[in-house]
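First the structure, in the form of structure tokens, and then the observations on it.
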Amino acid sequence: MQETIVIGAGIAGIASSIRLAKKGHRVNVYEANDYPGGKLSVIEQDGFRWDAGPSLFTLPHLVTELFELCGEDPKLHFQYDRHPTSCVYYWEDGTRYVLPGTRSEIAHSMASTFRVSADRVDRYLKKAKRKYELTGPVFLEQSLHLRKSYTSWSTLKTLMQSGGLGIFSSLHKENERYFEDERLVQLFDRYATYNGSSPYRTPGIMSMIPHLEMGIGTFFPRGGMYAITQSLVALAKRQGVQFHFGQRVDRIDVKDGRACGILLNGESISADFVLSNMDVFATYRRLLAEQTQPEKILQQERSSSALIFYWGVQGDFPKLDLHNIFFSGNYKEEFKTLFEHKSIYEDPTVYVNISSKCQAGDAPEGHENWFVMINAPGDFGQDWEVLIDRVREQVKDKLSRMMGVDLNDRIVSEAILDPRTIESRTQSHLGALYGTASNSRFAAFWRHANFSKRIDNLYFCGGSVHPGGGIPLCLHSAAIATKMIPEG
Ligand code: FAD
């Protein structure tokens with residue numbers, strides 16, 4: 001039986017461990033934290049429960065297929081519901097728009113709020129679907145770095161060069177071409193943040209992202225997002241995977257050009273294969289410090305990070321839903337501040353996620369659990385204490401103004417996550433949420449492969465490698481990496 005070590009119990013590490021156990025490997029997962037999930041974890045305080053990281057759940061079949069792979073009925077272990085609405089959007093001019101959760105309702109609903117025809121919206125969404133279906137199998141479901149993928153992606157390259165996929169324009173330009181109403185352009189520009197990029201720089205091909213939400217749907221796991229982590233860890237254990245929590249790996253051992261184990265607490269543990277779910281930057285810098293570093297890849301621009309206030313809020317806010325967005329009055333300046341000035345804009349876009357809308361037990365009676373997230377730059381040594389105090393006041397003012405309530409006396413509990421703590425808790429370089437940024441048209445090709453080209457038997461999964469960050473892509477990375485590892 002082949003011995004395989006997985007470094008890190010993030011979502012991709014857990015999914016990989018399941019796939020490897022199913023392939024007949026003996027799998028040991030070493031996780032630095034004393035809990036699983038990495039970014040997909042939980043915060044509990046004063047009777048409130050918040051999902052610490054991801055709040056938007058799309059493509060649930062990528063989770064349930066892991067149960068099916070192991071011959072189990074997913075419904076017995078992991079349940080989720082389709083949410084009837086996608087998101088509630090607020091603008092400073094008083095516009096409040098509820099984006100329906102069903103594709104057939106969206107075009108007419110947008111036409112009734114914005115200066116746009118239903119036909120125009122319909123055409124945009126059809127194009128988004130086409131882009132997703134065309135590029136998904138090539139970019140997301142296989143390695144871009146193997147010879148056998150060349151034929152399919154050379155066809156795609158030709159298509160991209162024809163301009164049909166919007167690779168030569170930015171997402172913002174693509175949206176401006178379709179819509180004249182600035183609010184609608186902003187709504188569709190926002191999808192750049194789903195991979196931590198700027199709509200003014202990320203290529204127009206990203207206009208496929210709305211298809212996931214508007215074409216396929218948004219979902220909410222019963223028990224909250226953390227139920228994804230919990231149910232998959234339980235599944236992995238049923239497959240015989242051994243988890244070792246509170247165990248920070250110090251080195252990947254390499255002998256004769258081949259990964260042969262790890263160093264942990266001064267002790268060598270041998271293995272036939274090593275799969276790193278740790279951020280690829282940290283893997284090279286800390287665990288492979290004596291090996292040649294793929295410098296060009298490691299120097300790539302990172303995705304944005306976030307500042308999150310987990311607020312326990314007293315009261316009931318019926319106009320708010322599971323997902324809510326309060327837009328900045330100047331989106332362009334917000335992204336310039338983020339990526340060029342490495343700071344947080346004075347009027348930031350605020351995302352408020354309230355899981356207690358779906359999961360009553362997440363907040364005490366008469367309260368709601370608000371996850372209040374603002375796009376933030378990575379940690380470049382800014383004075384975060386000053387920045388956090390400034391942004392807290394600006395966010396409270398903005399939400400109070402736009403909702404017509406005074407939030408000042410209503411916040412009864414607060415926890416905070418910022419780029420520094422995101423990095424210290426997950427080893428994500430600079431606190432990036434999604435690995436490298438997609439701020440260039442070639443970003444998809446420049447991510448690190450799911451295997452090492454120099455060191456045999458060393459593989460990579462997770463948000464910092466191909467195909468990128470976010471739960472669905474991390475799950476794809478697990479499938480791609482483990483497919484390359486021989487049967488156990
Ligand atoms: P990570 O979660 O990065 O975990 C890596 C693990 O490796 C950690 O547990 C870490 O402790 C461990 N590790 C690191 N070094 C070592 C070592 N030396 N030894 C042992 N263990 C080690 N995605 C979505 O799909 N939807 C969303 O709505 C969404 N929102 C987000 C909001 C926030 C605030 C954040 C932070 C992320 C969000 N994301 C979202 C992105 C998503 O969370 C990530 O892309 C994904 O969870 C990353 O998973 P991963 O497998 O790369 O591992």
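Just follow the structure's listing: the first ligand is 1, and inside any ligand the first atom is 1. Values below: all heavy atoms of this structure, side chains included; hydrogens, waters and symmetry mates excluded.
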Review point. Which option out of A9, P54, A478 puts a heavy atom nearest to atom 30 (N) of ligand 1?
Key: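 Nearest heavy atom to atom 30 (N) of ligand 1 lies in P54.
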Check your understanding: Which is closest to atom 32 (C) of ligand 1 in terms of heavy atoms, G246, G53, A52?
Key ->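 The nearest heavy atom belongs to G53.
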I need the contact type for [X] against ligand 1. Using non-hydrogen atoms and a strict under-4.0 Å cut-off, is it side chain, backbone, both or neither?
| X | value |
| --- | --- |
| I308 | side chain |
| C474 | side chain |
| R425 | backbone |
| Y30 | backbone |
| P472 | side chain |

Practice item. Would you check, one step at a time, whether the test salt bridge (charged side-chain N to carboxylate O under 4.0 Å, His left out) holds for R49 with D51? Key: CA-CA 7 Å; R49 191 204 73 89; D51 287 306; 3.1 Å; yes
Are the charged groups of [X] and [Y] less than 4.0 angstrom apart, N to O?
| X | Y | value |
| --- | --- | --- |
| E414 | R392 | yes |
| K398 | E346 | no |
| D321 | K357 | no |
| D272 | R26 | no |
| R420 | E385 | yes |
| E290 | R251 | no |

Could you tell me whether the side chains of [X] and [Y] share a donor-acceptor contact shorter than 3.5 Å?
| X | Y | result |
| --- | --- | --- |
| S55 | Y351 | yes |
| D362 | S355 | yes |
| E141 | H476 | no |
| S343 | T337 | no |
| Q186 | Y89 | no |
| D189 | H172 | yes |

Closer than 4.0 Å to some heavy atom of [X] - which atoms of ligand 1 meet that?
| X | value |
| --- | --- |
| R248 | 18 (N), 19 (N) |
| G38 | 2 (O), 4 (O), 8 (C), 9 (O) |
| I7 | 17 (C), 19 (N), 20 (C) |
| G469 | 45 (O) |
| A12 | 51 (O) |

Short N/O distance, under 3.5 Å, between [X] and ligand 1?
| X | result |
| --- | --- |
| G13 | no |
| Q427 | no |
| S464 | no |
| G470 | yes |
| M278 | no |
| L287 | no |

Nearest protein heavy atom to [atom], by residue and atom, and its distance?
| atom | answer |
| --- | --- |
| atom 36 (C) of ligand 1 | L433 CD2, 3.4 Å |
| atom 50 (P) of ligand 1 | N277 ND2, 3.6 Å |
| atom 2 (O) of ligand 1 | K39 N, 2.8 Å |
| atom 17 (C) of ligand 1 | V249 N, 3.7 Å |
| atom 24 (C) of ligand 1 | I471 N, 3.6 Å |
| atom 12 (C) of ligand 1 | E31 OE1, 3.3 Å |
| atom 21 (N) of ligand 1 | A32 N, 3.0 Å |
| atom 7 (O) of ligand 1 | G8 CA, 3.4 Å |

Practice item. For atom CZ of R222, decide whether the heavy atoms of other residues, nucleotides or ligands shown that lie under 6.0 angstrom number more than 12. Key: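 Correct, the count exceeds 12.
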Is there a heavy atom of [X] sitting under 4.0 angstrom from any atom of ligand 1?
| X | result |
| --- | --- |
| Q247 | yes |
| S55 | yes |
| G37 | yes |

**Study point:** Backbone N/O of L40 and side chain of T229: donor-acceptor pair under 3.5 Å
**Key:**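 Looks like yes, one N/O pair under 3.5 Å.
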Check your understanding: Could you give the distance from CH2 (W446) to CD (E301), rounded to the nearest 0.5 Å?
Key ->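 Output value for this atom pair is 11.0 Å.
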